[in-house]
Amino acid sequence: MKKSTVGAAVVGAATVCAVAALIVNHRMRKSSKWARAMAILREFEEKCGTPDAKLKQVADAMIVEMHAGLASEGGSKLKMLITYVDNLPTGLSVQPSRVIHDISSSDLNDEAGVFYALDLGGTNFRVLRVQLGGKDGGIIHQEFAEASIPPSLMVGTSDALFDYIAAELAKFVAEEEEKFHQPLGKQRELGFTFSFPVMQTSINSGTIMRWTKGFSIDDAVGQDVVGELEKAMKRKGVDMRVSALVNDTVGTLAGGKYTHKDVAVAVILGTGTNAAYVERVQAIPKWHGPVPKSGEMVINMEWGNFRSSHLPLTEYDHALDNESLNPGEQIFEKMTSGMYLGEILRRVLLRVAEEAGVFGDEVPPKLKNPFVLRTPDMSAMHHDSSSDLRVVGDKLKDILEISNTSLKTRKLVVELCNIVATRGARLAAAGVLGILKKMGSDTPRQGGPEKTVVAMDGGLYEHYTEYRMVLENSLKELLGEESATSIIFVHSNDGSGIGAALLAASHSMYLEDES
């Protein structure tokens with residue numbers, strides 16, 4: 001009896017010890033896994049570092065590429081495209097004053113009429129109707145409709161894409177109120193914002209150079225984009241003439257200039273990213289045309305294609321680029337824009353899941369799907385201010401089907417969001433610094449403070465508050481306190497669409513008749 005009792009006790013003790021050992025081993029494994037997760041995070045944070053000295057190197061590298069791109073076609077990763085826009089609107093209440101770029105006005109404020117705009121900026125496009133009221137009226141009326149581009153059309157044929165766009169434009173025109181109808185014999189006119197690299201050949205013609213932002217339509221490359229749209233409009237019965245072809249940044253520059261006389265730079269941060277600015281014609285060696293009256297020309301930089309050894313690229317960036325539709329291209333865009341930030345985050349989370357098991361023993365299958373985590377979702381998690389990070393938990397569950405995440409894991413996700421967004425925003429700030437330095441607007445001028453206004457547009461800038469704040473604060477740091485007071489950011493909401501309509505008005509075929 002005693003022997004059996006002792007035996008039972010020994011077995012019981014052994015069982016307790018075994019269970020305790022399992023618990024200790026489990027905790028050790030868990031601790032080891034968490035240490036691995038933190039190691040991945042810290043390594044990523046270090047590689048994404050953007051100290052001020054590095055950002056100034058990026059800005060200087062940007063300036064070198066700007067000079068090279070202005071000197072000759074193909075001389076730089078930056079296309080520095082001539083836009084044929086040598087006049088911009090002045091708006092309604094411009095008082096005579098010395099401005100940074102006294103670019104010649106087309107007296108838009110004397111014009112009146114109804115003009116259309118088509119804004120193809122990425123995965124969505126919009127059609128707009130804008131009524132200008134002449135000298136004292138400004139923009140009397142504006143309305144728009146929006147549609148998404150089906151993914152199949154982003155990689156289909158030119159005819160399929162432009163037929164779809166023309167059909168949506170036809171619906172919008174069909175809903176036009178009688179008061180917006182054109183007089184008999186007068187054709188509707190359209191400003192076309194096309195936010196992809198184009199070699200412009202006149203104010204209303206240009207050859208598609210390549211596609212970005214997930215588009216890849218081979219038979220459109222080398223074609224006149226205005227010709228492709230006008231053929232589609234004809235097929236769909238839309239009686240309309242394209243009077244101005246502009247890039248979204250050029251449209252934003254025009255729209256911003258209409259309301260802020262000191263606008264000289266425009267930056268888009270949305271699905272993709274780009275910048276445009278006003279350059280002296282004398283500083284454009286590749287311009288062989290007549291010198292415009294203004295002596296200036298708007299340059300479309302196509303800065304998304306900027307690349308430099310100073311950019312803090314990581315293994316995740318290299319993998320994303322290698323697997324993209326355009327490997328080796330748009331590197332700056334892939335580090336800074338809304339198309340890619342969420343995808344960079346997903347790739348880091350996947351590695352954390354694979355090597356540290358923070359989401360369980362099995363890697364969540366959804367986490368393996370490219371682009372399943374969108375930047376708006378990343379923004380929502382980054383901005384989660386709830387004590388339990390409920391939004392982060394909900395996003396992980398709804399998008400990636402990861403349930404029951406701990407608060408510690410959710411905090412890890414937020415920290416990764418912050419690293420990705422901060423790097424992107426600070427690099428964008430370095431790009432703006434490069435433009436300001438090229439223009440000579442980065443230092444205070446004699447004779448008092450002059451303002452340079454940077455017109456900003458795009459969903460990333462508008463909706464990702466943390467990104468926007470980091471960008472603006474970083475530029476202030478880079479410029480220094482005194483110089484920073486002369487640089488102002490304005491959100492040119494819907495600038496690319498309104499700007500296209502304004503430029504359509506300034507290049508109307510009926511202007512001479514009316515004068």
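Ring centroid separation for the pair Tyr467 and Tyr461 does not come in under the 6.0 Å cut-off. The six-membered or imidazole ring of Trp303 lies away from that of Tyr277, with a centre-to-centre distance of 6.0 Å or more.
Of the options Leu118, Asp248, Leu245, a side chain to side chain contact (heavy atoms under 4.5 Å, CB included) to Thr193 is made by Asp248 and by none of the others. Remark: of the listed residues Asn247, Thr273, Leu460, Thr249, Thr249 is the sole one forming a side chain to side chain contact (heavy atoms under 4.5 Å, CB included) with Ile268. Of the candidates Ile435, Leu436, Asp262, Ile488, Leu436 is the only one forming a side chain to side chain contact (heavy atoms under 4.5 Å, CB included) with Thr452.
Checking Asn418 against His382 by side-chain atom types alone, a donor-acceptor pair falls below 3.5 Å. Side-chain atoms of Ser474 and Arg426 include a donor-acceptor pair closer than 3.5 Å. Using modelled atom types and a 3.5 Å distance limit, the side chains of Asn326 and Lys213 yield no donor-acceptor pair. For the residue pair Gln200/Thr83, the side-chain donor-acceptor check at 3.5 Å is not satisfied. Looking at Thr157 and Asp159, their side chains never bring a donor and an acceptor atom within 3.5 Å of each other. No side-chain donor from either of Glu65 and His67 sits under 3.5 Å from a side-chain acceptor of the other.
The closest donor-acceptor contact from the side chain of Ser216 to the backbone of Val155 lies at 3.5 Å or more, if one exists at all. A donor-acceptor pair under 3.5 Å is formed between the side chain of Arg468 and the backbone N or O of Glu462. Under the 3.5 Å distance criterion, the side-chain polar atoms of His463 are left unmatched by any main-chain donor or acceptor of Gly459. Counting only distance, with no hydrogens or angles, the side chain of Asn305 and the backbone of Lys77 share a donor-acceptor pair below 3.5 Å. A donor-acceptor pair under 3.5 Å is formed between the side chain of His383 and the backbone N or O of Glu466. A distance-only check finds a donor-acceptor pair linking the side chain of Thr375 to the backbone of Gly342 [under 3.5 Å]. Without hydrogens or angle criteria, Ser243 side chain to Glu189 main chain gives no donor-acceptor distance under 3.5 Å. Not a single donor-acceptor pair under 3.5 Å links the side chain of Arg346 to the backbone N or O of Leu373.
Here Leu471 contributes atom CG and Met456 contributes atom CE; the two are 5.5 Å apart, rounded to the nearest 0.5 Å. Here the CZ-CG distance, from Arg374 to Asp377, works out to 5.5 Å after rounding to the nearest 0.5 Å. In this structure, the separation between OG1 on Thr422 and CE on Met469 is 11.0 Å, given to the nearest 0.5 Å.
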Apply side chain to side chain donor-acceptor pair (under 3.5 Å) to residues Asn124 and Ser148 and explain how you reach the verdict.
CA-CA 4 Å; Asn124 296 323; Ser148 297; 3.0 Å; yes
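Applying the 6.0 Å contact sphere to CZ of Phe144 captures no more than 12 heavy atoms from other residues, nucleotides or ligands. More than 12 heavy atoms of other residues, nucleotides or ligands sit less than 6.0 Å from atom CZ of Arg235. Within a 6.0 Å radius of NZ in Lys286, other residues, nucleotides and ligands contribute more than 12 heavy atoms.
Arg210 forms no cation-pi arrangement with Phe196, by the criterion of a distance under 6.0 Å to the ring centre and an angle within 45° of the ring axis.
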